[in-house]
Protein chains: 2
Amino acid sequence: MAKNKRLTADVYSSKCPSREVLNHVTSTWGSLVLVLLLEQTYRFSELRNRIGGISEKMLAQTLQLLEKDGFIARKVYPVIPPKVEYSLTPLGKDVAEKVSALKLWVEANLTKVISHRSKNA
Amino acid sequence: MAKNKRLTADVYSSKCPSREVLNHVTSTWGSLVLVLLLEQTYRFSELRNRIGGISEKMLAQTLQLLEKDGFIARKVYPVIPPKVEYSLTPLGKDVAEKVSALKLWVEANLTKVISHRSKNA
DNA sequence: CAGTATCCTATCGGATACTG
DNA sequence: CAGTATCCGATAGGATACTG
């Protein structure tokens with residue numbers, strides 16, 4: 001077993017690839033897709049319908065990106081009409097849980113943010 | 001004490017303001033600023049120096065946005081040259097911890113993502 | 001030091017149309 | 001159904017210069 005040279009990842013460095021990964025999972029659509037797939041496997045059209053305001057272009061692009069990063073598994077059924085299912089990989093489930101915690105916090109504390117905004121309007 | 005009408009926040013709805021708040025805290029620069037301020041209070045130039053690649057424009061814009069949402073407190077010292085310190089509010093500390101968990105996960109698991117990418121290149 | 005103002009470019013992202 | 005391709009406008013965001 002080779003001893004790896006261990007470089008420390010650092011999101012504060014613009015060169016570090018960790019920043020790119022962080023951007024993928026926190027992107028507008030990426031975060032929503034990840035959290036949604038935590039519930040269950042979904043088909044392309046189901047995701048499109050559940051995520052208000054997303055376009056097919058952005059959904060496809062987001063899914064491809066998250067698949068390349070190893071967060072999402074894509075399963076194609078060779079049937080007509082086409083059927084494709086998206087699910088989380090173990091790695092994806094792991095990040096998605098972190099993103100989910102953030103999403104739940106925001107929903108739960110929304111009123112506090114709103115009231116602060118109006119106070120200092 | 002008035003009984004509030006309680007609307008459920010839902011990030012999947014494009015109309016819900018929770019999506020906007022989520023976007024603020026997960027934005028490229030917003031997420032980095034929040035996590036950094038979890039360490040300690042920082043001045044404008046310190047933040048700029050610690051966050052690789054950020055421009056003054058984006059830093060100022062990000063700080064203003066997070067201040068409006070009630071996550072960041074801005075303290076101005078009436079001295080010359082000017083001195084301004086940024087810190088987290090209790091609300092901000094709360095979100096920042098969620099964002100931090102995500103950031104730490106990404107840094108810790110970066111190699112897995114990289115290796116998956118190269119496998120399916 | 002801590003910004004603001006202006007300008008300009010690149011990328012984001014929506015609408016529409018088309019394909020296997 | 002599950003995309004891809006193209007076009008195009010909106011916005012993110014960098015560089016530079018300037019101010020209190």
Side-chain angles (χ1 to χ4, degrees), chain A residues 11-15 17 19-34 36-37 40-69 72-87, chain B residues 11-15 19-34 36-37 40-69 72-87 120:
Chain A
V11 293
Y12 299 118
S13 164
S14 55
K15 306 286 181 181
R19 185 179 283 186
E20 195 190 345
V21 176
L22 184 61
N23 285 339
H24 291 172
V25 301
T26 58
S27 68
T28 310
W29 307 119
S31 58
L32 297 180
V33 166
L34 285 173
L36 211 39
L37 289 178
Q40 63 173 78
T41 290
Y42 280 110
R43 299 180 61 177
F44 187 88
S45 55
E46 292 173 332
L47 287 170
R48 190 193 50 213
N49 293 333
R50 293 220 34 188
I51 302 175
I54 197 170
S55 65
E56 294 193 344
K57 176 183 169 183
M58 291 314 297
L59 180 54
Q61 200 172 104
T62 300
L63 288 169
Q64 285 172 13
L65 210 60
L66 294 176
E67 192 194 355
K68 274 180 195 153
D69 283 350
I72 283 184
R74 182 171 180 272
K75 177 158 190 182
V76 182
Y77 295 86
V79 296
I80 292 179
K83 176 175 176 177
V84 180
E85 284 186 347
Y86 293 92
S87 61
Chain B
V11 292
Y12 300 119
S13 164
S14 55
K15 308 286 181 182
R19 184 178 284 185
E20 196 190 346
V21 176
L22 184 61
N23 286 337
H24 291 172
V25 301
T26 60
S27 68
T28 309
W29 307 117
S31 58
L32 297 180
V33 167
L34 286 173
L36 211 39
L37 289 178
Q40 62 174 78
T41 290
Y42 280 111
R43 300 180 61 174
F44 187 88
S45 56
E46 292 173 331
L47 288 171
R48 190 192 49 212
N49 294 334
R50 293 219 37 187
I51 303 176
I54 197 170
S55 64
E56 294 192 344
K57 176 184 168 183
M58 290 315 297
L59 180 54
Q61 200 172 103
T62 300
L63 288 169
Q64 284 172 12
L65 210 59
L66 295 176
E67 192 193 356
K68 274 180 196 154
D69 284 351
I72 282 184
R74 182 171 180 272
K75 176 157 191 182
V76 183
Y77 295 85
V79 296
I80 292 181
K83 176 175 177 177
V84 180
E85 284 186 346
Y86 293 92
S87 61
N120 305 59

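Throughout, a chain's letter reflects where its sequence line sits, starting with A, and its residues are numbered from 1.
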Item to check | B/S/- contact track for nucleotides 14-20 of chain C, protein heavy atom under 4.0 Å | outcome: BB----B
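Taking all atoms of both residues into account, the shortest heavy-atom contact from Tyr86(A) to Ile72(A) is CD2-CG2, 3.9 Å. The two residues Thr41(B) and Glu46(B) come nearest to each other via the heavy atoms O-OE1, 4.4 Å. Residue Leu22(A) comes nearest to Thr26(A) through the heavy atom pair O-OG1, 2.7 Å, listed as atom of the first residue, atom of the second, then distance. Taking each heavy atom of Met58(A) and Thr62(A) in turn, the nearest pair found is O-OG1, 2.7 Å. Closest approach of Lys83(B) to Glu85(B), counting heavy atoms only: CE-OE2, 3.7 Å.
No contact: Tyr77(B) has no heavy atom under 4.0 Å from any strand.
An OP1 or OP2 oxygen of dT4(D) is reached within less than 4.0 angstrom by a side-chain nitrogen or oxygen of Gln64(A).
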Next on the checklist: Could you walk me through whether Leu47(B) and Ile54(B) satisfy the side-chain contact (heavy atoms from CB on, under 4.5 Å) test, starting with their C-alpha distance in whole Å, then the side-chain angles of each, then the deciding distance to 0.1 Å, before giving a yes or no?
Outcome noted: CA-CA 9 Å; Leu47(B) 288 171; Ile54(B) 197 170; over 6 Å; no
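Less than 4.0 Å separates DNA chain D from at least one heavy atom of each of the following residues of residues 40-51 of chain A: Arg43(A), Phe44(A), Ser45(A). Listed by residue number, the members of residues 20-28 of chain B with any heavy atom below 4.0 angstrom from DNA chain C form an empty set.
To the nearest 0.5 angstrom, Ser27(B) atom OG is 8.0 Å from Leu34(B) atom CG. To the nearest 0.5 angstrom, Tyr12(B) atom OH is 6.0 Å from Leu32(A) atom CG. Here Arg48(A) contributes atom CZ and Leu63(A) contributes atom CG; the two are 12.0 Å apart, rounded to the nearest 0.5 Å. Residue Gln64(B) holds its CD atom at 12.0 Å from CG of Asp69(B), rounded to the nearest 0.5 Å.
The shortest side-chain heavy-atom distance between Leu59(B) and Trp29(B) does not fall under the 4.5 Å cut-off.
Taking atom CD on Glu85(B) and atom C1' on dA2(C), their separation rounds to 13 Å, with Å as the unit. Separating the CD1 atom of Ile80(B) from the P atom of dA2(C) is a distance of 13 Å, rounded to the nearest angstrom. Between Gln61(B) atom CD and dG14(D) atom P the separation is 10 Å, expressed in whole Å. Following rounding to the nearest Å, Leu59(A) (CG) and dT4(D) (P) show an atom-to-atom distance of 10 Å.
When the side chain to side chain contact (heavy atoms under 4.5 Å, CB included) test is applied to Ala60(A), the partners found at least two apart in sequence or on another chain are Phe44(A). Applying the side chain to side chain contact (heavy atoms under 4.5 Å, CB included) criterion to Ser14(B), with sequence neighbours excluded, gives Arg19(B).
For DNA chain D, each stem of at least three Watson-Crick or G-U pairs (distances under 3.5 Å) is given as range with range: C:1-20 with D:1-20.
Side-chain proximity of Arg74(A) to the nucleotides dA2(D), dT4(D), dG3(C) is greatest for dA2(D).
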